[in-house]
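All values derive from a computational prediction rather than experimental measurement. Below, read A as the first sequence line, B as the second, and so on, with proteins coming before strands; counting in each chain starts at 1.
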There are 2 protein chains.
Amino acid sequence: MTAKPKGARNKRSQGTDVSPASEKGPNSEPPLSLERIVTTAVELLDAHGVDGLKMRQLADRLGSGAMSLYWHVDNKEQVFDLALDSVLKYCGPPQSVQSQDWRGDVIHMLEDWRASMLRHPWSASLLPRRALGPNILGRLELLSKTLSRAGVTDADLNVAIWSLWNYVIGATITRASFDLSDDDRAAAQQRLTGLSEQYPTIERSRLLMDNDWDGAFRKGLDFLLDGLAPKQ
Amino acid sequence: MTAKPKGARNKRSQGTDVSPASEKGPNSEPPLSLERIVTTAVELLDAHGVDGLKMRQLADRLGSGAMSLYWHVDNKEQVFDLALDSVLKYCGPPQSVQSQDWRGDVIHMLEDWRASMLRHPWSASLLPRRALGPNILGRLELLSKTLSRAGVTDADLNVAIWSLWNYVIGATITRASFDLSDDDRAAAQQRLTGLSEQYPTIERSRLLMDNDWDGAFRKGLDFLLDGLAPKQ
DNA sequence: GATCGAATCGTACGCTGTACGAGTAGTCAC
DNA sequence: GTGACTACTCGTACAGCGTACGATTCGATC
């Protein structure tokens, strides 16, 4: 019986052993690994979106057969989980670990979070539905610690975290999906012109076309932080 | 050449003509119609989620062949669009059309919006990615009008609308997906216990388990409204 | 050489959305 | 009646999907 490795699947990644792949010919693919699978999956997701990721295509791109993937990965869902978390690494605020400016630290982390997801527009809509990987948990832990340091009581901590999470997720999902379909939006706005008696206000303000996404995000974030944490 | 009706597809629904179905025997299904398709699709989505809606199953449940659906509907995507919009009808705030309490009106509409989506947990994650139907546009128009009445300037209007939209969407998507997987959350929280040195803060606060979703939603909404619209 | 585990992959299966075109029933003109 | 036209239904078929299964290959160890 040959059982797949489950817990220690990424054995190869953590060791410092010399890769045996280097001994192969120059025109042969390196061996499969979790890392190669995940980075290639991210490439394909960036190129073709969530629905555009196919296991066969992923294998093709890696120079292997489709079923070889399943030695390293349980199923397609796990590919999503790994790709998602891999994209959300955070290196912390630039200057220091124990900055006095907790508000700046929170804003930096959340804006970086949003930016990371917008760089990979498939990631935002995936995030709420998938398992929490170490990078996601790391961000939550950092957020939690920073708010705690800022004086948010334990009783309010969870409410504050989830409010911020909700806001970031919602803003990014909307932004990303509207980004993907500029033509659709223009068409929808155009269609509204024919219905101006039904939707006069949103037609006049050209709601669907002209938006300051970044500014709106920052504005709402400020308001939330004003309310959630005591002023300094 | 037999072309499908495109614009006037729902002819049967708007007329007051007597339904010819009543002349049939009691044990035969009523004829297909957009309405029946949509309401049945909503039932199936409620029961099995987004991935659980299959065209064949939908047709079975309607007592017809799978391909008959395609006379009334272009493709499966349109079924999603119609089901989504059908679930988001809004009848307005209870008391009056021109209430003095604009803040109460906005909160009522947004909390009703969230409640409607939570009643159909598949709807929230669908909303940002799909076309805007008349009910969705109606809500946006109402929100727009109310904020305008409350004194929000034209320049700030779009920013305010999108901030609120983002917040509602994010809160509801998160809530709905966490709702769907209570066991997963418990398991994830349990797993965190084994990693308490890495994630001490969110482990101690039991972030993944114990949350006051409704309270957090209302709190954040209040903060946003405080900032977005002038105090009354 | 024999053995064994790790890793690869060809084949096949069940399921999906839907293109195609045949078939049916009702209506209207003559 | 009869033929034409429209509205609608649906059986069949097809390509593409995730992946179960089992055969195969390769390198290390005894």
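- Rounded to whole Å, atom P of D/dA20 lies 10 Å from atom CE of A/Met55.
- When every heavy atom of A/Arg139 is checked against every heavy atom of A/Leu88, the shortest pair comes out as NE-O, 3.0 Å.
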Polar-atom pairs under 3.5 Å, protein N or O versus N or O of nucleotides 10-14 of chain D: list them with distances, or write none.
residue	atom	partner	partner atom	Å
D/dC10	OP2	B/Gly65	N	2.9
D/dC10	OP2	B/Ser68	OG	3.0

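- Dashed line: the shortest gap from a side-chain N or O of A/His72 to OP1 or OP2 of C/dA6 is not under 4.0 Å.
- The CG-P distance, from A/Asn75 to D/dG18, rounds to 11 Å in whole Å.
- No donor-acceptor pair closer than 3.5 Å links the side chain of A/Asp81 to the backbone N or O of A/Gly133.
- With B/Asp184 contributing its side chain and A/Ala131 its backbone, the two residues share no donor-acceptor pair below 3.5 Å.
- The distance from atom CG of B/Asp51 to atom P of C/dC15 is 16 Å, rounded to the nearest whole Å.
- If you take OH of B/Tyr70 and C1' of C/dA22, they are 19 Å apart, rounded to a whole angstrom.
- Residue B/Lys54 contributes atom NZ, which lies 7 Å from atom P of C/dG17 at whole-angstrom precision.
- Here A/Leu53 lies in heavy-atom contact (under 4.0 Å) with sugar-phosphate atoms only.
- For B/Arg185, the salt bridge (charged side-chain N to carboxylate O under 4.0 Å, His left out) partners at least two apart in sequence or on another chain are B/Asp182.
- Summarising the geometry, the separation between CG on B/Asp60 and P on C/dG17 is reported as 12 Å, rounded to the nearest angstrom.
- Remark: of the listed residues A/Phe217, A/Trp165, A/Tyr90, A/Tyr167, A/Trp165 is the sole one forming a ring-ring contact (aromatic ring centres under 6.0 Å, His included) with A/Trp113.
- The nearest whole Å value for the distance from the CH2 atom in A/Trp71 to the C1' atom in D/dT24 is 14 Å.
- The main-chain N or O of A/Thr174 is found under 3.5 Å from a side-chain atom of A/Ser177 such that the two form a donor-acceptor pair.
- Taking atom CZ of residue A/Phe80 and atom P of nucleotide D/dG18, one finds them 9 Å apart after rounding to whole Å.
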